[in-house]
Every structure is written in structure tokens, then in C-alpha cells.
Amino acid sequence: MVKIFKAFMASLLIATLAACGGGGGSAGTPVQGGGGATGGGKLSLSLVDATGAASNVLSGTGLTAKATATDANGSPVKNVVVTFTVDSAIATLSPVSGTALTDSNGVAQISLKPGVGTGAGTLTASATVSGTAAVTAKATYTVTAGTVTPSAINFVSAVPSDKSIVIKGAGGNGRTEVALLTFSVVDSANVGLANVKVNFVTQSTYPVTLTSASGVTDAAGKVTVAVNSGTQPTTARVVATVDGTAISSLSDTLTITTGVPVQAAMSLSLTKFWSEGINWDNDLLVAQVLMADAFGGAVADGTQIVFTTDVGAVIGIGGAQCLTNGPNITNHVPFPGFCEVNWRSQNPRLNGIATIVATSTNGSSNLSQSLRFYVLGSYATIYKVSNTSVEGSTTRLSAGGSIGLDFQLSCAPQTLTFEVVDANDNPMPPASTLAITSSSGNVTLGAISPAAVPMWDTARLGIGLAAHRGTVHSVLVTPPATCTAGGANVHSDATFNITVTSPKGGIANTPVTLTYDTP
């Protein structure tokens with residue numbers, strides 16, 4: 001009889017434990033809670049605090065909601081999906097999905113955290129415990145501002161992370177006019193406090209705007225304020241103060257800079273003002289653009305500049321364009337307010353004078369800069385001229401072919417002055433070399449001066465001006481010793497070539513013939 005009684009008590013104890021449920025612990029005592037049941041199952045709901053004690057007061061530390069699912073016999077039901085919902089923003093669920101799975105004790109748990117504001121709310125748990133009919137259970141709670149005293153408020157973070165926004169009206173792709181600053185209110189144990197009111201003010205030289213003068217901390221003790229830029233570049237900081245206290249904190253410095261580009265601050269330049277591209281394809285120049293706003297600040301990253309040209313072609317990233325401080329086809333290191341593209345020689349070539357145009361916009365007007373440059377030939381034509389200046393307009397004394405020097409009236413040395421141009425009557429590429437070759441007849445020749453085509457002064461002479469057709473060179477020519485002024489026998493057997501070689505190796509020879517008398 002004793003054995004039968006002990007067995008009965010053991011069975012009763014097991015059944016009691018199973019009814020209590022809870023993975024690793026009991027479901028706790030329901031507080032303001034209840035249960036729902038269908039013919040196939042039952043769901044009960046309870047709220048407990050961090051110590052496991054029953055509570056319906058929701059403050060900074062939050063509560064744990066436990067839903068217990070049992071079948072018609074009161075046995076726990078495992079692997080049931082329980083969905084939790086709240087009826088007000090004063091509380092939030094963690095995880096935010098609001099779902100949990102019952103364990104072997106039939107218990108599904110979820111965290112209930114303070115949200116925004118205070119007051120009373122209702123938590124609802126629902127599940128299909130057995131069969132197809134859903135069963136629900138509810139528990140009420142009260143959100144309070146908490147009794148823990150704030151100890152500090154800390155600046156946490158800024159978005160954008162570089163704490164820099166653009167001037168009002170300059171926003172766009174990759175540019176923002178709004179910064180989000182986050183602060184955290186904590187107690188003496190550095191635990192975030194929920195539902196604490198925080199007031200905000202700004203410190204700045206020029207006005208910026210706060211979207212709100214105050215905010216309430218969330219379940220983690222954090223509060224965020226948005227700062228909108230003004231129309232002037234400046235720096236700003238936000239002062240956050242716990243309402244009703246002297247507890248405050250400063251944000252990191254926020255930079256408001258970079259307005260829209262303006263025409264007056266747009267520069268276009270070329271790495272050089274010529275290309276040896278008449279006779280060669282794919283000779284490259286680099287076109288660079290610098291842009292700034294009305295206050296002299298480099299424009300925002302990603303500002304687009306588009307290029308056009310009437311000679312050759314422009315190659316950028318994604319077409320004939322570039323973006324400031326962005327990747328570029330030249331592989332140069334990018335920096336703010338700067339972008340560049342390649343220009344390359346190809347058809348059309350026209351008359352060897354090219355124009356490149358860079359355009360952009362600031363949203364209200366179009367911006368544009370243009371430059372002219374030479375596209376030069378590799379094969380020189382030489383004219384005998386009367387001028388002695390290295391650069392400038394010339395009076396031509398020959399037709400652009402063979403040159404003759406007449407010593408019949410005097411055997412004194414003569415200075416041959418000649419102009420060197422390309423096939424389009426433009427200058428030869430700078431650094432083209434000049435040399436005397438194939439001389440015969442005992443003619444005596446000095447050195448050509450200058451012996452290379454110099455880099456011309458584009459600012460003074462301009463591109464494509466008639467006054468700048470080519471470069472002028474000279475050489476001292478002394479006839480053979482047999483030369484006699486006014487002699488009866490005319491000879492022209494003293495000759496030499498002027499050979500011009502371009503930087504890319506184009507070679508052109510111009511013959512010079514001496515005419516003189518001999519006894």
C-alpha cells in the first residue's frame with residue numbers, strides 16, 4: 001500500500017512540473033494576464049522582470065513575456081510558433097519579428113522593452129496550439145519613465161560618419177543636407193534609460209536648423225536629432241540636455257560646406273596645348289577640370305562634368321564625362337573638386353585646330369569652359385622668310401619647296417632665315433629637331449639656331465592665329481672658296497638639306513642650293 005502511494009505522488013509531481021512549463025524554468029505567475037483555449041489547446045501569458053518576479057511595470061530594464069502552450073490534456077506542446085503584438089508604440093518587442101517557438105516545456109519567450117512615451121498597453125500572444133483554430137492570450141502592462149536617475153548623456157554617433165553635409169540646395173547623389181546625431185542617456189551603471197526627455201540647441205556661426213527641439217530616449221536610452229544645413233558654410237555642434245537637469249553633452253563638430261558649383265570658379269586646363277595627332281591615332285592629352293562653390297569651397301564629390309570636342313575624341317569613365325573626386329581613366333589620384341578625362345587623336349582632324357568644351361550644371365544654370373589646342377603634323381614644310389624673330393608673323397620668300405641662295409653679287413656669308421610649319425601651316429610639335437644633312441660642294445655651314453622647335457608662348461601668340469604659323473630658325477651659309485663675285489661661270493653645285501624630325505619620328509628634308517660665280 002505504501003509503494004502504491006509513493007508511485008501516485010511521483011506521478012502527481014511530474015504532471016505538476018509539466019503543467020508549469022518553461023525552458024529551464026517555470027513560466028512564472030501571470031500578471032494582468034490570462035489565457036485562451038480551444039477544444040484542442042490552451043495558451044497562457046505572463047510577464048516577469050529581470051529577477052524572474054512577476055511584474056507588469058515596464059521601465060528601462062524591460063520585461064520578459066512568456067507564453068505557455070498546452071494541449072487538451074494540459075501537456076506542454078513543443079515547436080509551436082507564438083506571435084506577440086503590442087497595441088501601442090510605448091513598448092517594443094525583441095526580436096522585432098515578434099515571434100518565438102515553444103520549447104520542450106511549451107514556453108515561448110520574448111522581450112518587452114519601453115518604446116516612446118508612457119501609459120498603459122496590452123500585449124497579445126496568439127498561436128495555433130492544436131488543430132487549425134488559433135488561440136490568444138493577453139497581458140496588460142504600464143510603461144513608466146523609470147525611477148532611475150540619469151547620470152550622464154553621451155554623444156554616440158553621427159550620420160554621415162564623416163560629420164560633413166552640404167549647403168542647403170546642394171544635395172544630390174551621394175550628398176546630403178541632413179545630419180543625424182545620436183545621444184545616449186545612462187544611469188550611474190552606464191545602463192541606457194528609456195523614456196527620458198532630452199532638449200536640443202545648436203551652436204554655429206551661421207544658422208542651421210533642428211528638426212525638433214526635443215526627443216525621448218528609446219528602450220536603449222538613445223535619442224536622435226536631425227540637423228538641416230543652412231545657406232552658408234559653417235561648423236555646428238548640438239548641445240543635448242536632459243530635461244529638467246543640468247546634465248548635458250556636446251556633439252562632435254558638424255561641418256556644413258560645399259555649395260553648388262559656380263561659373264566663376266570653374267577651371268579647364270590641358271596637360272599641354274598640342275598633340276602630334278595629324279599623322280598618328282591615339283596620341284593623348286589630359287583635360288582637367290577644377291570646380292568650386294561661391295564661397296571657394298571644392299564642390300561635392302560626384303559632381304558630373306561632360307566634355308565635347310570637334311576634333312578627335314574624349315574618353316572618360318562611362319563616356320565623355322568624369323565625376324569630381326571619383327575614379328578616372330587617367331588613374332591619377334582623385335581629390336575634391338577635381339576630375340579629368342583623356343582626349344585622343346583620331347578622325348575627324350579638320351585643320352589641326354581643336355576645341356574641347358567642359359559643361360556642368362548647378363541646378364539653375366549651365367556652366368561651361370572651353371579651350372583650343374593644336375593637333376599637329378609630323379612632317380615639316382620649310383619657307384625662306386625675311387623675319388628674324390623666332391615666333392611671329394613672317395614674310396615668305398619661297399613657295400615651301402627647295403630653297404635657293406644667290407651669291408653671284410657677293411661671296412660674303414649669308415644668314416638663311418626660314419620658317420618651319422606642318423602640313424596645315426601650324427607650328428611643328430615642340431622638341432622637333434633640325435639638322436643639316438647631305439651637304440656637298442665644300443659649302444661651309446654654321447649651326448641651326450634654334451636647333452629644335454621651342455615651346456611657344458600660347459598666352460601671347462594664341463592658338464590658330466595668323467601671327468603664329470610656325471617657328472623661325474636660321475643658319476649661317478658660306479659659299480665655297482672658289483666663289484667669285486661677278487665671275488663669268490655660274491655654278492650651283494653646292495647643296496645641303498635641312499632635315500626636320502618630329503618627336504614621333506616623322507622626317508622631312510628640304511634641299512637648299514647655292515648659286516655663285518667662279519673665275
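Computation of the quantities below employed the complete heavy-atom set of this structure, encompassing side-chain atoms and omitting hydrogens, waters and symmetry-equivalent molecules. In this text the structure is predicted, and so the values were computed from the model without any measurement.
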| task | Take V472 and T417, measure what side chain to side chain contact (heavy atoms under 4.5 Å, CB included) needs, and give me the verdict at the end. | result | CA-CA 7 Å; V472 177; T417 304; 3.4 Å; yes
| Given the rule in the side chain to side chain contact (heavy atoms under 4.5 Å, CB included) test, do L445 and S439 qualify, once you have shown the distances and angles that lead to the verdict? | CA-CA 9 Å; L445 302 167; S439 62; 4.1 Å; yes
| What do the steps show when you test T499 against T437 for side chain to side chain donor-acceptor pair (under 3.5 Å), and what is the final call? | CA-CA 7 Å; T499 300; T437 61; 2.7 Å; yes
| request: Test T241 against I153 for side chain to side chain contact (heavy atoms under 4.5 Å, CB included), laying out the working first. | output: CA-CA 7 Å; T241 304; I153 182 170; over 6 Å; no
| query | Stepwise, does the side chain to side chain contact (heavy atoms under 4.5 Å, CB included) test hold for L323 with C339? | reply | CA-CA 6 Å; L323 304 177; C339 83; 5.8 Å; no
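A donor-acceptor pair under 3.5 Å links the side-chain atoms of T271 to the main chain of V286, judged by distance alone. Under the 3.5 Å distance criterion, the side-chain polar atoms of S94 are left unmatched by any main-chain donor or acceptor of S111. Of the possible donor and acceptor atoms, none in the side chain of T202 sits under 3.5 Å from a partner among the backbone N and O of S204. Within the 3.5 Å criterion, the main-chain N or O of S151 finds no donor-acceptor partner in the side chain of S188. Not one N or O on the side chain of S438 forms a donor-acceptor pair closer than 3.5 Å with the backbone of N497. Counting only distance, with no hydrogens or angles, the side chain of T381 and the backbone of G400 share no donor-acceptor pair below 3.5 Å. In this structure a side-chain-to-backbone donor-acceptor pair under 3.5 Å is present from H473 to P450.
Counting non-hydrogen atoms of other residues, nucleotides and ligands closer than 6.0 Å to CG of N509 gives a total above 12. Atom NZ of K384 has more than 12 heavy atoms from other residues, nucleotides or ligands within 6.0 Å. More than 12 heavy atoms of other residues, nucleotides or ligands lie within 6.0 Å of CZ in F295, so this atom counts as buried by the packing criterion.
Side-chain atoms of L270 and W343, non-hydrogen and from C-beta on, never get closer than 4.5 Å to each other. Side-chain contact between V512 and I498 is present, with heavy atoms from C-beta onward closer than 4.5 Å. Using a 4.5 Å heavy-atom cutoff, the side chains of Q369 and V289 are not in contact. Counting heavy atoms from C-beta outward, V443 and Y516 have side chains that stay 4.5 Å or more apart. At least one side-chain heavy atom of C322 sits less than 4.5 Å from a side-chain heavy atom of F307. At a threshold of 4.5 Å between non-hydrogen side-chain atoms, the residues V227 and F200 do not count as touching. Side-chain atoms of T231 and Y206, non-hydrogen and from C-beta on, never get closer than 4.5 Å to each other. P511 is not listed as a side-chain neighbour of T495, based on a closest heavy-atom distance of 4.5 Å or more.
Note that the OG1 atom of T478 and the CG atom of L514 stand 9.5 Å from one another [nearest 0.5 Å]. Separating the OH atom in Y374 from the CG atom in D422 is a distance of 9.0 Å, to the nearest 0.5 Å. Rounded to the nearest 0.5 Å, atoms CZ (R237) and CG (L254) are 11.0 Å apart. Atom-to-atom distance recorded for S474:OG and L434:CG is 10.5 Å, nearest 0.5 angstrom. For the atom pair CG (D283) and CH2 (W274), the distance works out to 7.0 Å, reported to the nearest 0.5 Å. The line from CD of E340 to CG of L285 is 12.0 Å long, rounded to the nearest 0.5 Å.
For the pair S229 and I165, the tightest heavy-atom approach, listed with the atom from each and the gap, is CB-CD1, 3.7 Å. In terms of heavy atoms, A226 sits closest to L180 at CB-CD2, 3.6 Å. When all heavy atoms of D293 and V299 are compared, the closest pair comes out as N-CG1, 4.0 Å. Nearest heavy-atom pair, G62 versus K113, reported as atom, atom and distance to 0.1 Å: CA-CD, 4.4 Å. For the residue pair L193 and P150, the shortest heavy atom distance occurs at CD1-CA, 3.6 Å. Taking every heavy atom of both residues into account, P480 and G441 meet most closely at CG-O, 3.0 Å.
Using cut-offs of 30° and 60° on the angle between ring planes, the pair F155 and F183 is perpendicular.
With sequence neighbours left out, the side chain to side chain contact (heavy atoms under 4.5 Å, CB included) criterion links I110 to A65, F84, L93, P95. For the salt bridge (charged side-chain N to carboxylate O under 4.0 Å, His left out) test, residues two or more places apart in sequence or in another chain that qualify with K163 are D252. Taking D162 as the reference, P160, S164 meet the side chain to side chain contact (heavy atoms under 4.5 Å, CB included) condition, with sequence neighbours excluded. Scanning for salt bridge (charged side-chain N to carboxylate O under 4.0 Å, His left out) contacts around R372 gives an empty result, with sequence neighbours left out. V262 meets the side chain to side chain contact (heavy atoms under 4.5 Å, CB included) test with A265, A294; sequence neighbours excluded.
In this model, a donor atom of one side chain and an acceptor atom of the other lie less than 3.5 Å apart for E276 and S378.
A side chain to side chain contact (heavy atoms under 4.5 Å, CB included) with L376 is found for exactly one of S275, P429, P503, S345, namely P429. For the side chain to side chain donor-acceptor pair (under 3.5 Å) test with N328, the passing option among T330, N325, N331, T324 is T330; the others fail.
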Taking distance alone, no hydrogens or angles, what donor-acceptor pairs closer than 3.5 Å link side-chain atoms of residues 347-367 to residues at least two apart or in another chain?
{"from": "N347", "atom 1": "OD1", "to": "R349", "atom 2": "NH1", "distance (Å)": "2.7"}
{"from": "R349", "atom 1": "NE", "to": "G277", "atom 2": "O", "distance (Å)": "2.7"}
{"from": "R349", "atom 1": "NE", "to": "I278", "atom 2": "O", "distance (Å)": "3.1"}
{"from": "R349", "atom 1": "NH2", "to": "G277", "atom 2": "O", "distance (Å)": "3.4"}
{"from": "R349", "atom 1": "NH2", "to": "W280", "atom 2": "O", "distance (Å)": "3.2"}
{"from": "R349", "atom 1": "NH2", "to": "D281", "atom 2": "OD1", "distance (Å)": "2.4"}
{"from": "N351", "atom 1": "OD1", "to": "I353", "atom 2": "N", "distance (Å)": "3.2"}
{"from": "T359", "atom 1": "OG1", "to": "V306", "atom 2": "O", "distance (Å)": "3.3"}
{"from": "S360", "atom 1": "OG", "to": "Q304", "atom 2": "O", "distance (Å)": "2.8"}
{"from": "T361", "atom 1": "OG1", "to": "G363", "atom 2": "N", "distance (Å)": "3.2"}
{"from": "T361", "atom 1": "OG1", "to": "S365", "atom 2": "O", "distance (Å)": "3.1"}
{"from": "N362", "atom 1": "OD1", "to": "S364", "atom 2": "N", "distance (Å)": "3.1"}
{"from": "N362", "atom 1": "OD1", "to": "S364", "atom 2": "OG", "distance (Å)": "3.1"}
{"from": "N362", "atom 1": "OD1", "to": "S365", "atom 2": "N", "distance (Å)": "2.8"}
{"from": "N362", "atom 1": "OD1", "to": "S365", "atom 2": "OG", "distance (Å)": "3.2"}
{"from": "N362", "atom 1": "ND2", "to": "P261", "atom 2": "O", "distance (Å)": "3.2"}
{"from": "N362", "atom 1": "ND2", "to": "S365", "atom 2": "OG", "distance (Å)": "3.3"}

